Amino acid sequence: NIVERVVINGVEGGETATISVNAHNLAWRSQKYALVATGCFGGVANTLQGESVFDSDNSQKRRQNIVISVCVIFGVLLIGCVIFSCIRRKKTRFSEGNNNDFYEGEVEERA
């Protein structure tokens, strides 16, 4: 997937902007594509603080925060599981060690 961002400046209210898509180096004679246009349409005033929508785009920072949060949660869960497994293993070994000591002298021979 190829994504292109194009900013068209200087289009005033009521004016028309024409967008054309020209493809090059296609593997087949034709290829389906999608075109998405965003902006202030229909007389809605621009409420952005910067020159374009890209100046106030914080989606990458939000995405990084989400990834970090998920990794921290899974890391804590993984560490908890490892600790629980180690404690359980020690308890099992301790109880098996006590049982072996108890039965050590009471081995019967069967003929």
Side-chain angles (χ1 to χ4, degrees):
N1 290 333
I2 302 296
V3 177
E4 296 285 338
R5 286 184 170 180
V6 178
V7 178
I8 302 173
N9 293 318
V11 179
E12 298 295 328
E15 292 183 350
T16 302
T18 303
I19 301 171
S20 299
V21 177
N22 297 315
H24 301 281
N25 299 325
L26 295 177
W28 298 274
R29 284 185 75 169
S30 66
Q31 178 177 333
K32 294 182 180 181
Y33 66 92
L35 176 65
V36 177
T38 61
C40 301
F41 301 111
V44 177
N46 184 357
T47 59
L48 298 173
Q49 298 300 321
E51 292 180 15
S52 72
V53 69
F54 307 116
D55 293 338
S56 61
D57 182 16
N58 66 348
S59 60
Q60 183 174 359
K61 182 72 172 170
R62 251 191 351 220
R63 199 170 23 252
Q64 286 174 346
N65 289 340
I66 291 170
V67 168
I68 290 170
S69 299
V70 169
C71 289
V72 166
I73 290 170
F74 279 118
V76 167
L77 288 173
L78 180 63
I79 290 170
C81 288
V82 168
I83 290 171
F84 177 75
S85 176
C86 289
I87 290 171
R88 190 171 179 191
R89 184 177 290 169
K90 280 186 178 183
K91 284 182 179 180
T92 304
R93 286 183 183 170
F94 179 73
S95 63
E96 286 175 357
N98 287 343
N99 290 340
N100 288 342
D101 292 343
F102 180 76
Y103 292 111
E104 193 171 294
E106 300 179 21
V107 177
E108 293 182 18
E109 292 183 25
R110 293 187 182 186

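The structure displayed is predicted, hence computed values, not measured ones.
Exactly one residue among Lys91, Lys90, Arg89 makes a side-chain contact (heavy atoms from CB on, under 4.5 Å) with Ile87. That residue is Lys91.
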Residues 71-84 side chain polar contacts: donor-acceptor under 3.5 Å, at least two apart:
none

Scan the side chains in residues 25-36 for donor-acceptor partners under 3.5 Å anywhere in the protein, sequence neighbours excluded, and list what turns up.
none

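Every side-chain contact (heavy atoms from CB on, under 4.5 Å) that Lys61 has, sequence neighbours left out, goes to Gln64, Asn65.
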